[in-house]
Every structure is written in structure tokens, then in C-alpha cells.
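Convention: sequence-line order gives letters A, B, ...; per-chain numbering from 1. All values reported here derive from a predicted model rather than from experimental measurement.
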Amino acid sequence: MENNLHTSRHSLSHIMAKAVQELWPGTKLGIGPAIDNGFYYDFDSEHKFVPEDLKTIEAKMKEIIKSREKFVCESMSKDDAIKLFESRGEVYKVELVKELEDGTISIYRTGEFIDLCKGPHIEHTGLINNFKLTHIAGAYWKGDEKRPMLQRVYGLSFENKDALNAYIKQQEEAAKRDHRKLGTELDLFSINENVGPGLVLLHPKGGMLRKELEDWIKNENIKRGYDMVYSPHVARLHLWQISGHANFYSENMFQPIEVDEQKYQLKPMNCPFHIEIYRSHLRSYRDLPLRYSELGTVYRYERSGVVHGLFRVRGFTQDDAHIFCTPEQVGKEVEDCFNFALHIMKTFGFKNYSVELSVWDENKPENYTGTKEDWEKAQAALEAVLNANKVPYTVHAGEAAFYGPKIDIKVVDAIGRSWQLSTIQFDFNLPGKFDLEYVGNDGKRARPIMIHRAMFGSIERFMGVIIEHFAGLFPLWLAPVQVKVLTLTDNEIEYSKALVAKMKMAGIRAEIDCRSEKLGAKIREAHVQKVPYSIIVGSKEAAENKITLRLRSGTNMEGLEVDDFIKTLKEEVAAFSLENYYK
RNA sequence: GCCGAGGUAGCUCAACGGUAGAGCAACAGUUUUGUAAACUGUAGGUUGUGGGUUCGAAACCCAUCCUCGGCUCCA
């Protein structure tokens, strides 16, 4: 069934291309594959597609579908294929054919329409039963920004109309948990035009969420033997020249600023600072491994079209750490980092994540520092950890950092895009650049190995991901407001204020809602703001010195002792638990 | 950065060449409420910004900034 769907999606892309060429003769074809939810085709056309064209194309496609035209496969020699596509002006197809290995080439005809294609296809166009064109976007030919930009038309297609509608419905539901939308609704953060693109303002509730995350990760670091360090946001450009960032990373850096005729650079990474701390003493093998951690705020110049909510910003804080160790220690250190990352996935309840091993592109050594031998050794070391832990992973060539290979963990956002969180990176560039040393047990100087790692990745991105993951319904320990006390009348204000004060003293984030609104309105507001627990106080509660608890689900628990409630709440918080999450 | 679509009140949107409006939120008053929105009123905008066209511009043109969907790139 899955294969059939893939085939019919691919056939749809042919039908769309045929429709477009009939509507706008002279349109050249790029590529047109089936994708996860449908299909697309890239066109080079003098006609600039506008959204209204989608309806026109759809109508034309429906005609083609009605005509039940056959998909006919033909084989021919490479030379004949080149001649055929040249005669039709299909320059992109000619380029594709030329890249194919010598031998027989297959093409598919649908009436007059011809496409280079290895198939398979459905038998005839009449077998298509549903599709919907969704949007137009630009896409570089062969994904290369130096090549022409083609116009890509996307379409959706599923087994049947119900499945298509279900998909559209699901996307609409997913959009409701978009962190940018929830960020405004729950008053967590804003990104303001005066401040600048990609620069985040955390409002009090977002600030509290971040504080909880920071406390948690600092604790986890300390438990695992990390030291905490702090470093400045700028440093002399000289530092970045030593590290190589000024050469290999300059495209991603803000322009230097001049102070007292010296150039200073806003930091895009924290590594050089931690290295300078390492260099502040002569180190012994007995000192290693040294693990320096910092919530380091970095600034990167991101091109204007790529910033995206909290996911891709220009100023962000990494839960960064650098581990300096001997070659013998490196395997265990990488493994510990990897398990740390898995611990995060578990604590926050992520089940849908993927592990990637990012290695260099050996055809482009000029983009990297280090020798071939370095790279192969390091990649083998990372691979060994993944294999030993029996983790499924994929290898991505050319996605390594310029200074070394890495293990990345990615999670999927509300609408299916995947974002990198944890990263564990090998570095054989910086120890050499900064001439790092330690004294071995033989009394000789040796070069330490350096590992960069971030577990959340960046706190901003991580916050964005958990906002979507929990759809704003944070587990108790993360909820910016944990308890809202709702008064029934003004007579209960005094008792309620005392309750709030008592909870605050116990370390619970409680607020009062004593507006002159009806109880229903206060409950609604607390619900919309996704507060985990509400306490309702009327004359009965105040007289008996008790509380009525209302859970997020709507369940009520009457006649509770305040002290008991505080105790249970504190236990739930301390457990960092997702157990009570759905109650 | 590139292709395309957009920026109107705090939020969601309307008006689309002829006096900028609505709902929610905010604020004030009234109401004192028992489980998902009380009532009345008030205030809030050089329509992103800067130019231009026009008797007249939120609307048309140019530039620029920002946002969104992709591409490319990344934590």
C-alpha cells in the first residue's frame, strides 16, 4: 500500500508537470519526486507562478486525470536520451542524463509529455483519486544556491479523500501548538522589531521556565563531574584568529567592534574561553578529564531568511561544556555524554528523536581542519560508542563541524520539521591551535583531546521544542505558575492571600485571582493559561481552614488540608515527574 | 542571502482610492458571584518606516525594515 501511494504521488508529479507545460509552453522541468505527504515539481518558467495559478493547474490536472492517459515506459541509449531532451529544450534533464552511468535510460511518456524517470508509475492517469496543490516556493537547482532558482509547486496526496482531510485537520491541530503562537498566548516571550530579528525577550513566565531548565541542567552537570565556569560575551578578535573561527566561521559571526583601536568580537562560541581557562595552569594527567560547563550566550549572524521563532535565533544560550581528556579517556567521556543526552530525552518524555553521526565530506578537505587520519580516527571513536550502545543512527557526510565530527540528536516539531538539540563533537583543531598540553605519567608533555557538547543544544530552541512537545501544558516542575487561588467573593481575599503567601514560602509558584469576576470566568482563565492546579476558596473553605482543589482535567477534590496539599505538590515537583502529567 | 506571500489597536481580524472599525484583552464603575466568558462605560492607531502618484492613499508605485512558507545554511 505504501509503495502504491509513493507511486501514485510520483505519477501525480508527472501529471502536474504535464499540466504546467500545457498551460505555459516552454516551461522547463527540474525534478519532481514523491515526498512524505505528497509530491512536488520544480519548474523553470517565464511565467511567475502566483497562488491563483494553483487552481488553474489543478483544473488542468483533473482534465488529464479524466482522459485516462497511459504512462508509457520507453528505453533508449544515453545519447538518444540526450538528443531527445535537447530537442525539447529540457536543459536540466539533459544535465541529469549526462550524469547517469552509460547504458540504457528509461523515460516515461504521458501523451505528449516526456520525463526522464526510472518509474514505476500507475497504469493510467485515471487511477488518481485525490490530491491538492498547496503552495509555491523557490528552490535552487540541485540545492545549490549558485545555480538558478526554480519555482517549486507542492501538492498533497493520500490514499483517499478521508486520509487527505485527516492530514489537513492534523496539520491545523499541530499549528495550534506552534511555540510562536503559544509564546504569545501564554505570555512566555516575544521577539520585537525594535530589538532586532532573532533576538528574544523572555517575559516573566518564559523567564521562570528558563530558570527551571537552567537549575535542572546545572544540577545534572554537577552530578556528572562538571565544573561551572563563566566567560565574557566579547573577546579580542585576536582570540578568534588563534582559534580559527575568524577564518572558518566568519560568515556566521557579527562584525567586530572597535574599542581603543583594538578589534573585539562578539562570541559565536564558548570554546576559546574554556581553553584559556585550561591554559591558565600546567595540567597533569592526574587532573584529567576536566569538564568545564557554562550556560554561554553566543551571537551568530544568521541570514535573514532563516530566523524562526525560538528555533533559529541570532543570540542564544548554549548549555555548553568542553571536556579535556587523554586519548584513553575519550571513549568513556563520549559515552557518558551520549547517555546524558538520552537521560534528557527520557526526562522530558521525547520518544520521537533521531541520532545522526555527522562526518566530513572527504572530497572537500579545504572546508575542514585536521588530517584525513584525524578525521577517520575520530569518526571511528564516535561510531564505536553508538554501536556499543546499539543505537540506531544515520550517517551524514559533509555535516560535521569544521573542527571535527559529531553525534547529533534531533527531535521533530509540531509540524514535522526536525531540529537539532544535543550535540557531542570531537575537536582536534583547537587543542593544536592553542598548543594545549598536559604532563603524562611518563613526565612528557602530551596533547589532550577535546570534546564539545551541548545537551539542550540551546536553551531557546529547547524551550521552543518543549512548548510544542507539551503543547503549553507543562509538567508541574516547569509550569511558570503552578497554583492559582480563585476567590469566590471578596470575603475570602484575606484567607486566600495567606494561602498564597504560605505556598510561596514553601517554594511553590502560586498566584491569586481575586478580581470581581464570576468563578466560572476565573476557572476559564486559569484553564486557558494552562495552570496545573487551581484552588477554589469560598466561605466554606475559609471557615473550615480547608481548600478545594481543581485539577487541569476538571476533577475536583474537596476538603483538603493545605499542608497536605503543599507536601504532595512538593513531592511531585521534586520527582521531575511526568507521571501526574495527564491527571 | 534567494523565490513567493504578507505587515491595520496588546491579540485575532474587517475596511481595499473617498471621514480607519469589530470581538477579545486593558482601564473605570456597577455586580459579591460555587466550577469554562456578568453588565455598562472609557481609552487605545501618523495603517511597519521613508519617499512618490493623486483633489484625496491603509489601499497604487519605489525603496527599506520586519514576519510567514519554502530553498540554502545551522544549536
Side-chain angles (χ1 to χ4, degrees), chain A residues 40 42 48-51 53 134-154 175 178 180-181 184-185 187 190-198 249 251-252 268-270 296 298 300-320 358 398-399 401 406 408-410 415 417 419-423 425 452-462 464-465 486-493 514-528 534 536-541 548-551 554-556 558:
Chain A
Y40 68 79
D42 287 347
K48 296 285 168 245
F49 295 117
V50 294
D53 291 337
T134 53
H135 59 286
I136 301 157
Y140 296 107
W141 170 236
K142 294 203 158 173
D144 183 345
E145 60 181 325
K146 293 188 186 70
R147 306 294 302 269
M149 177 155 279
L150 309 180
Q151 302 184 76
R152 177 172 296 176
V153 180
Y154 283 93
D178 188 306
R180 293 167 297 185
K181 188 170 156 63
T184 305
E185 286 171 4
D187 199 16
S190 63
I191 296 172
N192 174 304
E193 206 170 318
N194 287 333
V195 177
Y249 207 67
E251 277 182 7
N252 296 296
M269 294 192 188
N270 303 300
V298 297
R300 297 186 185 172
Y301 172 72
E302 297 291 349
R303 297 199 286 179
S304 61
V306 307
V307 290
H308 181 104
L310 294 178
F311 285 166
R312 188 84 179 270
V313 292
R314 284 183 172 164
F316 60 99
T317 302
Q318 298 177 305
D319 66 312
D320 207 358
S358 297
E399 294 200 2
K406 54 184 185 157
D408 294 325
I409 295 185
K410 294 188 176 178
I415 47 179
R417 292 174 292 208
W419 297 89
Q420 181 181 323
L421 297 181
S422 309
T423 181
Q425 312 182 343
H452 305 239
R453 48 109 286 197
M455 294 291 110
F456 286 156
S458 91
I459 296 181
E460 287 77 2
R461 179 176 290 179
F462 195 79
V465 167
L486 315 179
T487 57
L488 200 66
T489 74
D490 289 353
N491 298 327
E492 293 85 34
I493 291 180
C514 56
R515 295 173 302 162
S516 70
E517 294 283 350
K518 288 187 149 178
L519 180 62
K522 296 183 187 184
I523 284 176
R524 180 173 190 280
E525 168 106 354
H527 186 264
V528 167
S534 296
I536 293 156
V537 179
S539 55
K540 199 171 61 181
E541 287 83 0
T548 294
L549 184 65
R550 188 184 197 276
L551 307 183
T555 309
N556 270 0
E558 287 180 34

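Among the atoms of the strands shown, base atoms are found under 4.0 Å from some heavy atom of A/Glu517. Among the protein residues, A/Ser422 comes within range of no part of the nucleic acid, since none of its heavy atoms lies under 4.0 Å from any strand. Using a 4.0 Å heavy-atom cutoff across all strands shown, A/Val307 reaches sugar-phosphate atoms only and no base atom. Counting non-hydrogen atoms under 4.0 angstrom, A/Ala521 reaches the backbone sugars and phosphates but no base. Residue contacts for A/Ala137: at a heavy-atom cut-off of 4.0 Å it reaches a base atom on one of the strands shown. Residue A/Gly138 is in base contact, counting any heavy-atom pair closer than 4.0 Å across all strands shown. Backbone-only engagement by A/His135 is indicated by non-hydrogen atom pairs under 4.0 Å involving sugar-phosphate atoms exclusively. When heavy atoms are screened at a 4.0 angstrom cut-off, A/Asp320 is found touching no nucleic acid atom at all. Counting non-hydrogen atoms under 4.0 angstrom, A/Lys142 reaches nothing in the nucleic acid. Using a 4.0 Å heavy-atom criterion, one finds that A/Gly538 contacts the bases of the nucleic acid, with or without backbone contacts as well. Across all strands shown, A/Leu421 has heavy atoms under 4.0 Å from sugar-phosphate atoms exclusively, and none from any base. Within the nucleic acid shown, A/Ser534 has no heavy atom closer than 4.0 Å to any nucleic acid atom. Looking at heavy-atom distances under 4.0 Å, A/Glu558 makes no contact with the nucleic acid at all.
Remark on RNA chain B: of its neighbouring residues A/Ser458 and A/Gly305, the 5'-side contact belongs to A/Gly305, judged by nearest-heavy-atom nucleotide. Two residues, A/Ala401 and A/Pro197, neighbour RNA chain B, and the one matched to the more 5' nucleotide by heavy-atom proximity is A/Pro197.
For A/Lys518, whose side chain is taken as the heavy atoms from C-beta onward, the closest listed nucleotide among B/C74, B/U33, B/C71 is B/U33. When distances are taken from the side chain of A/Arg180 to each of B/G69, B/A75, B/G1, the shortest belongs to B/G69.
B/A25 and B/A57: their C1' atoms are spaced 31 Å apart (whole Å). Spacing between B/G23 and B/U35 at atom C1', rounded to whole Å, works out to 25 Å. Comparing B/A15 with B/A58, their P atoms sit 16 Å apart, to the nearest whole Å. Taking the P atoms as reference points, B/U64 lies 30 Å from B/G45, given to the whole Å. Going from the C1' atom of B/A9 to that of B/C62 covers 28 Å, rounded to whole Å. When the C1' atom is compared between B/A43 and B/G4, the two are found 40 Å apart, to the nearest whole Å.
Here B/G4 presents its C1' atom at 9 Å from CD of A/Gln151, a figure rounded to the nearest Å. In this structure, A/Asp144 places its CG atom 19 Å from P of B/G1, rounding to the nearest Å. Distance A/Lys522 NZ to B/U35 P: 14 Å, rounded to the nearest Å. Going from atom CG of A/Leu488 over to atom C1' of B/U35 covers 10 Å, rounded to whole Å. In this structure, A/Arg550 places its CZ atom 10 Å from P of B/U35, rounding to the nearest Å. Distance OH (A/Tyr154) to P (B/G4): 15 Å, rounded to an integer number of Å. For the pair A/Glu193 CD and B/G7 C1', the interatomic distance rounds to 8 Å; values are reported in whole Å. In this structure, A/Ile136 atom CD1 and B/G6 atom C1' are separated by 15 Å, rounded to whole Å.
By the 5.5 Å and 30° criteria, A/Phe49 is not stacked with the base of B/G4.
Within the structure, every side-chain polar atom (N or O) of A/His452 is placed at least 4.0 Å from both OP1 and OP2 of B/A75. For the pair A/Arg300 and B/C74, the criterion of a side-chain N or O lying under 4.0 Å from OP1 or OP2 is not met. Considering only side-chain N and O atoms, A/Lys406 lies under 4.0 angstrom from the phosphate OP1 or OP2 of B/A75. Considering only side-chain N and O atoms, A/Gln318 lies nowhere under 4.0 angstrom from the phosphate OP1 or OP2 of B/A75.
When all heavy atoms of A/Glu460 and A/Thr317 are compared, the closest pair comes out as OE1-N, 2.8 Å. Listed here is the closest heavy atom pair of A/Asp319 and A/Gly457: OD1-N, 3.1 Å.
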Margin query: Could you spell out the base pairing of RNA chain B as a dot-bracket line? Use Watson-Crick and G-U wobble contacts where both distances are under 3.5 Å, [ ] for crossing pairs, | for partners on a different strand.
Written below: (((((((..((((....[..)))).(((((.......))))).....(((((..]....))))))))))))....
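Between A/Asp144 and A/Lys142 no salt bridge is recorded (no basic side-chain N to carboxylate O distance below 4.0 Å). With salt bridges taken as basic N to acidic carboxylate O contacts below 4.0 Å, one links A/Lys540 and A/Glu558.
Not a single donor-acceptor pair, N or O on each side, falls under 3.5 Å between the base of B/U35 and the side chain of A/Arg524. Side-chain to base pairing of A/Ser516 with B/U31: one donor and one acceptor N or O lie within less than 3.5 Å of each other. Side-chain atoms of A/Tyr40 and base atoms of B/G70 include no donor and acceptor less than 3.5 Å apart. Side-chain N/O atoms of A/Arg303 and base N/O atoms of B/C73 include no donor-acceptor pair closer than 3.5 Å. Taking 3.5 Å as the limit, the base of B/G1 and the side chain of A/Glu302 contain no donor-acceptor pair of atoms between them. One cannot find a donor-acceptor pair under 3.5 Å joining the base of B/C2 and the side-chain atoms of A/Arg147.
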Check: How far apart are the C-alpha atoms of A/Arg550 and A/Ile523, what are their side-chain angles, what is the distance that settles it, and do they pass the side chain to side chain contact (heavy atoms under 4.5 Å, CB included) test?
Finding: CA-CA 9 Å; A/Arg550 188 184 197 276; A/Ile523 284 176; 3.5 Å; yes
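No cation-pi contact links A/Arg147 to A/Tyr140, judged by a cut-off of 6.0 Å to the six-membered ring centre and 45° from its axis.
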